[in-house]
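Right, one structure below, let's go through it.
So that the names make sense, note that chain A is the first sequence line, chain B the second, and so on, each numbered from 1.
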There are 2 protein chains.
Amino acid sequence: MAQTQTFSKNQQIVLDIIEKAKGPLKAYSILFNVQKKGINAPQQIYRALDKLIEAGKIHKIESKNAFVACKNSNCEVSKATAFSICESCEIVDEISDEKLSKYLSKFNEKKGMKFKRFNLEFFGLCKKCK
Amino acid sequence: MAQTQTFSKNQQIVLDIIEKAKGPLKAYSILFNVQKKGINAPQQIYRALDKLIEAGKIHKIESKNAFVACKNSNCEVSKATAFSICESCEIVDEISDEKLSKYLSKFNEKKGMKFKRFNLEFFGLCKKCK
DNA sequence: TAACAAACGTTATATTATAACACTATGATA
DNA sequence: TATCATAGTGTTATAATATAACGTTTGTTA
């Protein structure tokens, strides 16, 4: 059983906002949302984001430079992430598909590289938008 | 058989540089490299990059904000991309694995989203670095 | 050749992210 | 308890990545 990690003040503020959000948040939109709480500079956001990613509590959607809360293995560092992204409404969902995850975790390249981590982003149209 | 596409002057300049490069290039490093050829502004680079991506001649490595030439289906628009990225030496390779590609192209999410495209990035240590 | 689309050149600006430095809290341990 | 290391904080400045907007030029095709 993974132990519950405790976070610092700023880290918790940032985590709370991301967890409450309905979709991915950008660093500067987080910043604007926490200025009332005394966080004034991008550095403070990015530092918190770094820690939260390291802890596996959030993920970065690379193609959007945005951050979402982890919905899978809540207390575990995530090394295998997959997302579906609607190109119309921009909704993002984390994909939790054990088969897919296993398949990719076992995947080995021909050139002898040892993989530690992967990130997969699917793009298309969601049910509503298609 | 896919027809050979012709590119405009700037597009060709940018494509040439990316194809000659040994690894991913960043937009501004491309810019610095083509200033002798009369390209002065980021816009000109980004516009060319957009067209080349659209044409499937190059790909963007999202986690690095960098661009590489396509090494697979040279004349086809790429909708299924996979890369291996060494976290130590930062070398990037496009993965051409038909099984993997088929597996992911056939993958369907439970929520009924229809995928058009995916991008997969593996991270680890290459043969030399491990 | 007229009309349209694509590409170009340019200036300005927006957005995303990091560097660097001094200070503060926390917790381990001598 | 003193002191030491580590992580976190706050701040200013700046770097790196990307797009907006506008007018001009070039290339295609009706």
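Counting only heavy atoms from C-beta on, B:R47 has its side chain closest to D:dC22 among D:dC22, C:dA17, C:dA20. Nearest to the side-chain atoms of A:P42 among the listed nucleotides D:dT9, C:dT18, D:dT17 stands C:dT18. The nucleotide whose nearest atom lies closest to any side-chain atom of A:F67 is, among D:dG8, C:dC8, C:dA17, C:dA17.
In this entry the distance linking CG of B:L52 with P of C:dA7 reads 10 Å, nearest Å. Residue B:I45 contributes atom CD1, which lies 13 Å from atom C1' of D:dT17 at whole-angstrom precision. Taking atom CD of B:Q12 as the reference point, atom C1' of D:dG27 lies 17 Å away to the nearest angstrom. Here the C1' atom of nucleotide C:dT10 and the CD atom of B:Q35 are 14 Å apart, to the nearest Å. Computed from coordinates, the A:E62 CD to C:dT16 C1' distance equals 12 Å when rounded to whole Å. Whole-Å rounding puts the A:F32 CZ to C:dT15 P distance at 8 Å. For the pair A:F7 CZ and D:dG8 P, the computed distance is 10 Å after rounding to whole Å. In this structure, A:D50 places its CG atom 13 Å from C1' of C:dT16, rounding to the nearest Å.
When the side-chain nitrogen and oxygen atoms of B:N65 are compared with OP1 and OP2 of D:dA16, none of them lie within a distance under 4.0 Å. Of the side-chain N and O atoms in A:K26, one or more sit less than 4.0 angstrom from OP1 or OP2 of C:dT16. In this structure, A:N10 reaches the D:dG10 phosphate: one of its side-chain N or O atoms is under 4.0 Å from OP1 or OP2. The phosphate of C:dG9 has OP1 or OP2 within less than 4.0 Å of a side-chain N or O from B:K9. Contact check, B:S8 against C:dC8: a side-chain N or O comes under 4.0 Å of OP1 or OP2. OP1 or OP2 of C:dT18 has not a single side-chain nitrogen or oxygen of A:Y46 nearer than 4.0 Å. In this structure, A:K51 does not reach the D:dA7 phosphate: none of its side-chain N or O atoms is under 4.0 Å from OP1 or OP2. Under 4.0 angstrom from either OP1 or OP2 of C:dC8 there lies no side-chain N or O belonging to B:Q44.
Nucleic acid contact class of B:K64 (heavy atoms, under 4.0 Å, all strands): none. When heavy atoms are screened at a 4.0 angstrom cut-off, A:Q11 is found touching the sugar-phosphate backbone but no base atom.
Remark: side-chain polar atoms of A:T81 are not paired, donor with acceptor, to backbone N or O of A:L120 under 3.5 angstrom.
B:E62 and A:S63 share no donor-acceptor pair across their side chains, judged by distance under 3.5 Å alone.
Ring-centre distance between B:F115 and A:F123: not below the 6.0 Å cut-off. Ring-centre distance between A:F107 and B:F122: below the 6.0 Å cut-off.
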Step by step, work out the salt bridge (charged side-chain N to carboxylate O under 4.0 Å, His left out) result for B:E87 and A:R117.
CA-CA 10 Å; B:E87 286 175 318; A:R117 180 167 77 79; 3.4 Å; yes
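Nearest-nucleotide positions on DNA chain D place A:A48 closer to the 5' end than the other of A:A48 and A:Y28.
Under the 4.5 Å side-chain criterion, counting only non-hydrogen atoms from C-beta, A:I58 is not in contact with A:V68.
One donor-acceptor pair, N or O on each side, does fall under 3.5 Å between the base of D:dA20 and the side chain of B:Q43.
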